[in-house]
Number of protein chains: 2
Amino acid sequence: MPTPHDVIFSALADPTRRGIFERLCRGGEQTVGGLTALAGVSQPAVSKHLGVLKKAGLVLDRHEGRQTHYTARRQALAPLVDWTRQMTEFWESRFDDLDDLLKRMDQ
Amino acid sequence: MPTPHDVIFSALADPTRRGIFERLCRGGEQTVGGLTALAGVSQPAVSKHLGVLKKAGLVLDRHEGRQTHYTARRQALAPLVDWTRQMTEFWESRFDDLDDLLKRMDQ
DNA sequence: CTAATATATAACTGCGTGGTTATGGGTTAA
DNA sequence: TTAACCCATAACCACGCAGTTATATATTAG
């Protein structure tokens, strides 16, 4: 039973796949061909990565003629933000002494 | 050449390993035995996971007698926060029309 | 209609990795 | 000193997955 965190973390763990997602975040909507050009892997590999990202809810696809345009769903990163905030919140709630907190940040 | 993002993402991708890190974040310093008790895997497996987390800079170890105490280095999550902020910042800078932005959040 | 293009899928492969058991090295207890 | 304990490492295994090539499907171009 994969949790939402599982899905997002594992989807973004692979460097190639994360690179594709980053390109979509920066460059906006792009076709598979455009993504393949700079991905450093074959077109089928890119299609598979896009499939994983889509299943994880990180991208949307739009078919137009014989090409497929993909866009990043940045809101899908919300669980990631929540998770990191949870981890760091436990931190802050544990040490209310600011000095102690700063000392621990330095180590 | 693994980037800092690579290291953190791949270290946190595995559910068991991420669970161990979460326990350290919530519960503070804990021994290998304590972590093993609730990890659902063998002690050597836990030790290996802790080794990966340590190499990623996500935990610190402290030897005391015959047991090893581990603590979470939450500051090591900073690259993760930076990365998500980068991805979402590109978003906001692209659409300065708030309505357009909200519409896209709904899809 | 035919050829070329764009993408997805199938089938296969190699390797990384998470798991195990067995063992070693160091530390406390008897 | 000997035994029990804690942890790390070694050696091995099984499986998942990222990559490939080949092919199917669909759409545009000639």
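Each chain gets a letter, A, B and so on, in the order its sequence line appears, and its residues count up from 1. When reading the values below, keep in mind they use all heavy atoms of this one structure, side chains included, and skip hydrogens, waters and symmetry mates.
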> Going 5' to 3' along nucleotides 25-30 of chain D, which nucleotides have protein heavy atoms under 4.0 Å from the base (write B), which only from the sugar-phosphate (write S), and which from neither (write -)?
Replying inline: --BB--
> What integer distance in Å separates A:H63:NE2 from C:dT7:C1'?
Replying inline: 9 Å
> Does any non-hydrogen side-chain atom of B:R26 lie less than 4.5 Å from one of A:Q86?
Replying inline: yes
>> I'd like to know if A:L80 and A:V52 are part of one continuous hydrophobic network [Ile/Leu/Val/Met/Phe/Trp/Tyr, side-chain heavy atoms within less than 4.5 Å].
In response: no
>> Distance check needed: C:dG16 P versus B:D6 CG, whole Å only.
In response: 15 Å
>> Would the distance check show the side chain of B:R17 and the main-chain N or O of B:S10 forming a donor-acceptor pair, the cut-off being under 3.5 Å?
In response: yes
> Would A:L12 end up clustered with B:V7 when hydrophobic side chains under 4.5 Å apart are linked, directly or stepwise?
Replying inline: no
> Using a heavy-atom distance cut-off of less than 4.0 Å, which residues of residues 41-50 of chain B contact DNA chain D?
Replying inline: B:Q43, B:P44, B:S47
>> Distance check needed: C:dT17 P versus B:R17 CZ, whole Å only.
In response: 9 Å
> Can you name the one residue among A:I20, A:L58, A:L50 that meets side-chain contact (heavy atoms from CB on, under 4.5 Å) with A:Y70?
Replying inline: A:L50
>> Are A:D14 and B:F9 packed together at the side-chain level, in the sense that at least one heavy-atom pair is separated by less than 4.5 angstrom?
In response: no
>> Rounding to an integer number of Å, can you tell me how far A:D14 CG sits from D:dG16 P?
In response: 17 Å
> Roughly how many Å is it from CD1 in B:I20 to C1' in C:dG19, rounded to a whole number?
Replying inline: 13 Å
> Hey, are the side chains of B:V32 and B:Q43 touching, using non-hydrogen atoms and a 4.5 Å cut-off?
Replying inline: yes
> Can you tell me how far the CG atom of B:L35 sits from the CZ atom of B:F21, to the nearest 0.5 Å?
Replying inline: 12.5 Å
> To the nearest angstrom, how far is A:D61 atom CG from C:dA6 atom P?
Replying inline: 18 Å
>> For a quick test of reading the model: is some side-chain N or O of B:T31 closer than 4.0 Å to OP1 or OP2 of D:dC6?
In response: no
> Think A:Y70 has a side-chain N or O under 4.0 angstrom from the OP1 or OP2 of C:dA6?
Replying inline: no
> Could you give the CD-to-C1' distance, from B:Q67 to D:dA8, as a whole number of Å?
Replying inline: 15 Å
>> Using a 3.5 Å distance criterion without hydrogens, assess whether the side chain of B:R23 forms a donor-acceptor pair with backbone atoms of B:A39.
In response: no
>> On the nucleotide D:dA18, are OP1 or OP2 found under 4.0 Å from the side-chain N or O atoms that A:T16 carries?
In response: no
>> How many whole angstroms separate atom CZ of A:F9 from atom C1' of C:dG18?
In response: 18 Å
